[in-house]
Amino acid sequence: MAEEKEKKASAILIDVTYTMREGKPVIVLLMKGKRFFRLYDANFEPYFYLDAPKKEIPKIEKAKAPHAARAGLIPQAARVEEEERIIEGKTKALLKVFCNFPAAVPLIREELREFGAYEYRIQYAKRYMMDRGWQFFSRITYIRKGKYLQKILKCTPDVPLNFNTLAFDIETYNPQGMPKPKDDPVIMVSYATRKEAKVLTYKKIDKSFVETLKDEERMISEFCNVLKKEDVEFLVGYNSSVFDLPYLGERASALGVRLELGRDGSSFSVRKFAQKTIAKIRGRVHVDAYPIIRFMGLIGSLKISRYTLENAYIEITGKKSETKGKVQRLEIHKMWDDEKQLPLLAEYSRNDARETLEIAQRVLPMQIEMSKLVGLSLADVSTSTAGQLVESLLMFRSCRQGIIIPNKPHEGQVKERELNPIQGAFVKLPKPGIYDNMVVFDFRGLYPSIICSHNIDPYTLLPKGAGESDAYTSPLGHRFAKSPQGIIPKVLEEVVHLRSELKGKLKKLEPDSEEYSAVFAKSQALKILANSYYGYLAYARSRWYSRECAESVTAWGRHFIQHTISEAEKCEFEVLYGDTDSIFLLLGKKKKEDALSFMEKINKSLPGNMELELEGFYPRGVFVTKKVDKEGKGAKKKYALIDEKGRIKIRGFELVRRDWSAIAKKTQGDVLMAILKEGSKENAVKIVKDTIERLRTGKVPLEELTIYTQLKKDPSNYEIMSPELSAAKKAIKRGVKLEKGAMIGYVIAKKGASISEKAEIAEYAKDYDADYYINRQILPSVLKILAELGFSEDDLKFAGSQSNLGKYF
DNA sequence: GACTAGCGGGG
DNA sequence: GTGTACGCTAGTC
């Protein structure tokens, strides 16, 4: 082969992975030029740091290497260099041990256990990014030889880019509730881009946006063609990592058709962990919008009451969903079988793809800014927790400053940390009850300010009994050296500073301009980061975990929130509830403007970047406290609010799960609504009593009593009997086929001793156990709300004892 | 009280 | 993949 010439080039960096070629690791860079392409870098060696004198490094003859052995690789420490790094504030000479492939690093480290070791559990691609000092979505200028990177010239931040984005959604034939890919076909694949939104299917439907293929196989293949033809860069779905892609994958293999989603004709890969599933497609960026929305909802960046596609769309965009209420999910298979309903089903499908695209367009700018800031790829950012974002940023900065990255804790340490939770946040418990007209303020810049202004960092923390020195002493007595500045306050200060600069910039920009959106997205990302530092210090798996730091933060925090509460009281607001970083004030006779001017007044008096922010106005709310221990310490937050748009915000009530019967969910919802919309306890109680009466007299249909639970394992593999397992086993005896993954819809019937014994698959159940539904479904769900509003179980249960209730009304 | 198991989203 | 990550609740043993 002729020697390739060196050429100068530049492109945008999108993602980094690695592959093995001839026993050596090669970094694979996903780049965007005119199109996406791959660029390879063979000039990067895996390594870790060893705290050992140079001469004593033993020669590694062989290391246990189960994975590597399969590939015929022998882990080797290729060479060793001496390098100075900063550990706990002091410069130290360490050995940099280079290994022949990435997976060899932890293996070789294991062989050298007698020495201290660092940075031996850092993903190779991340190591690469850190050492290069690159950012994603930046322009890399380089010299290449063929597809190989020869020399790096520079990395410069790039202007915003438009990516070829396609959102997709599938519909499946679902005669038994959740479809089973083994039996139930995909009936439609819809997609939406900036230009068009289409539905692929294999039945004739008289709609211009429908393309009818010959069969399911060809429909799936056509979808792959569309990705190729459209040169899709970002492929977006909603819960697509868990549902759509795996489903398409299983159908494709059942049908014997190739699912060529990747740019190289490959399919996709899924990695599953505890609660996280990530699907990757080679040569494109697959983004599942669901975890993003969930994340933003949980941290309060978005106000979302339920995370269904339709609900998320409505609440994020403020628009109506075009097909809302027109299609019942359980009826989809019937619509497919009914010619007259096919057009509506196609519209529904197209609409789902459109809504997914719109949601993505709203949240991706922030995700991209986050990716640039913390050094994780877009796909990684979209599935990360707040702690992982902060950790990634700290790792990059630590590396850049020559500071050793602290090791991840061992499982034992994690357990110990979890058993010993951080205490100290201030909670002013509300008097349980129903309240009108509240204003809620969040105090979220509080903790970042505290961390920065007291130099709180695991490595500025002075040991107990250390001599006199210039230090900040927390209310708990922990002392933090005033200098040098710790890496955590240093990086956090940069984040906070940059954000306040951007906020200034935003004020001067046109709110509808493209620049405004870009700056806003970045400012949003910075805000999330700043607010995540405290949680990161207190997070058991954190590399920078410090109990002393975390509890010092909360201790100082109490001071400021208590100050704010007393100021509010001075201004004659009644402070209903305060927890950690938020306060709930009753407006009473005061106006909204009074609340806002109170906020401004407080903000003027706060040091640094501390800021009280308006979370919202709420016409009504219900508060319940559930004491966790005798002293009322650790009382759980339980409240429900209704905002001015009629949206409900619930904390701690857990309404919407399929493992509660419909009647329990409905009754709890009705009770909450009676309280929030009408402010009426009487109606709430009446709803409960009526429901109990209906249950007692056997008037409730079994559909409302069915509880759905999935069997995550094969029925024979369980250690413990549960109602769903017992119901499933009885059905299996009758010849029903139920295996791993089956959704069990069961009813608690009369016959049997334990709950499990009473459980019957809904279609075989002849009666129901009213006591179970009253005592284990209705009462617990509504008592969560009504118990501390002055009602006891008996008040709700005994319809005949009305006289007892007189005292409450 | 310790332990097991499932929820979320998707149809 | 330089692995094994949530936070909570109900029911069983």
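When reading the values below, keep in mind they use all heavy atoms of this one structure, side chains included, and skip hydrogens, waters and symmetry mates. Note on naming: letters A, B, ... go to the chains in the order of the sequence lines (proteins, then strands), and numbering restarts at 1 for each one.
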- Using a heavy-atom cut-off of under 4.0 Å over every strand shown, decide if I122(A) touches base, sugar-phosphate, or nothing. base

- Query: Aromatic rings F44(A) and Y47(A): how do their planes relate, parallel, tilted or perpendicular, breaks at 30° and 60°?
  - Reply: perpendicular

- Would you say dT2(C) has OP1 or OP2 under 4.0 Å from some side-chain N or O of K408(A)? no

- Query: Contact class for K276(A) (heavy atom, under 4.0 Å): base, sugar-phosphate, or nothing?
  - Reply: base

- Round to a whole Å and report the spacing from CD1 of I755(A) to C1' of dT12(C). 10 Å

- Contact class for I170(A) (heavy atom, under 4.0 Å): base, sugar-phosphate, or nothing? sugar-phosphate

- Message: Measuring to OP1 and OP2 of dG9(B), would you say a side-chain N or O of R657(A) lies under 4.0 angstrom away?
- Response: no

- Item | Side-chain N,O (Y539(A)) to OP1/OP2 (dG7(C)) below 4.0 Å | no

- Message: At less than 4.0 Å, is any side-chain N or O atom of Q710(A) found next to OP1 or OP2 of dC7(B)? Yes or no.
- Response: yes

- Item | Salt bridge present between K96(A) and E81(A) (N-O < 4.0 angstrom) | no

- Message: Regarding D184(A), tell me which of base, sugar-phosphate or nothing describes its non-hydrogen contacts under 4.0 Å with the strands shown.
- Response: nothing

- Message: Could you tell me how far dG11(B) sits from dT4(C) if I compare only their P atoms? Round to whole Å.
- Response: 32 Å

- Looking at R543(A) and E391(A), does any basic side-chain N land under 4.0 Å from a carboxylate oxygen? yes

- Query: Does E719(A) make a side-chain donor-acceptor contact with the base of dA5(B), cut-off 3.5 Å?
  - Reply: no

- Task: Using only side-chain N and O atoms of S756(A), determine if any of them is under 4.0 Å from OP1 or OP2 of dG11(C).
- Result: no

- Which atoms form the tightest heavy-atom contact between D288(A) and S240(A), and what is the distance? OD2-N, 3.2 Å

- Message: Need one value for E411(A): base, sugar-phosphate or nothing, where a base atom within 4.0 Å counts as base even if backbone is also close, heavy atoms only.
- Response: sugar-phosphate

- Query: Below 4.0 angstrom from OP1 or OP2 of dT12(C), is there any side-chain N or O of Y718(A)?
  - Reply: no

- Task: Determine the contact category for F168(A): base if any of its heavy atoms lies under 4.0 Å from a base atom, sugar-phosphate if only primed atoms, P, OP1 or OP2 are that close, otherwise nothing.
- Result: nothing

- Query: Between R127(A) and dT2(C), does any side-chain N or O lie under 4.0 Å from OP1 or OP2?
  - Reply: no

- Message: Rounded to whole Å, how long is the line connecting atom CG of L245(A) with atom P of dG9(B)?
- Response: 19 Å

- Message: Regarding F48(A), tell me which of base, sugar-phosphate or nothing describes its non-hydrogen contacts under 4.0 Å with the strands shown.
- Response: nothing

- Task: Could you check whether K126(A) gets within reach of a base, just the sugar-phosphate, or nothing at all, counting any heavy atom under 4.0 Å?
- Result: nothing

- Kindly say if R329(A) contacts the phosphate of dG10(B), meaning a side-chain N or O under 4.0 Å from OP1 or OP2. yes

- Message: Counting the atoms with a prime plus P, OP1 and OP2 as sugar-phosphate, which does M178(A) contact under 4.0 Å by heavy atoms, base, sugar-phosphate, or nothing?
- Response: base

- Nearest whole angstrom, please: distance from the C1' of dG7(C) to the OH of Y307(A). 14 Å

- Message: Between R541(A) and E411(A), does any NZ, NE, NH1 or NH2 come within less than 4.0 Å of an OD or OE carboxylate oxygen?
- Response: yes

- Expressed in angstrom and rounded to an integer, what is the separation of K729(A) atom NZ from dT12(C) atom C1'? 14 Å

- Looking for any heavy atom pair under 4.0 Å, which part of the strands does T385(A) touch: base, sugar-phosphate only, or nothing? nothing

- Is Y247(A) touching bases, backbone alone, or none of the nucleic acid, heavy atoms closer than 4.0 Å? nothing

- Item | Among Y290(A), Y313(A), F243(A), the one residue meeting ring-ring contact (aromatic ring centres under 6.0 Å, His included) with Y238(A) | Y290(A)

- Message: Side-chain N or O of R776(A) versus OP1/OP2 of dG11(C): is the shortest distance under 4.0 Å?
- Response: yes

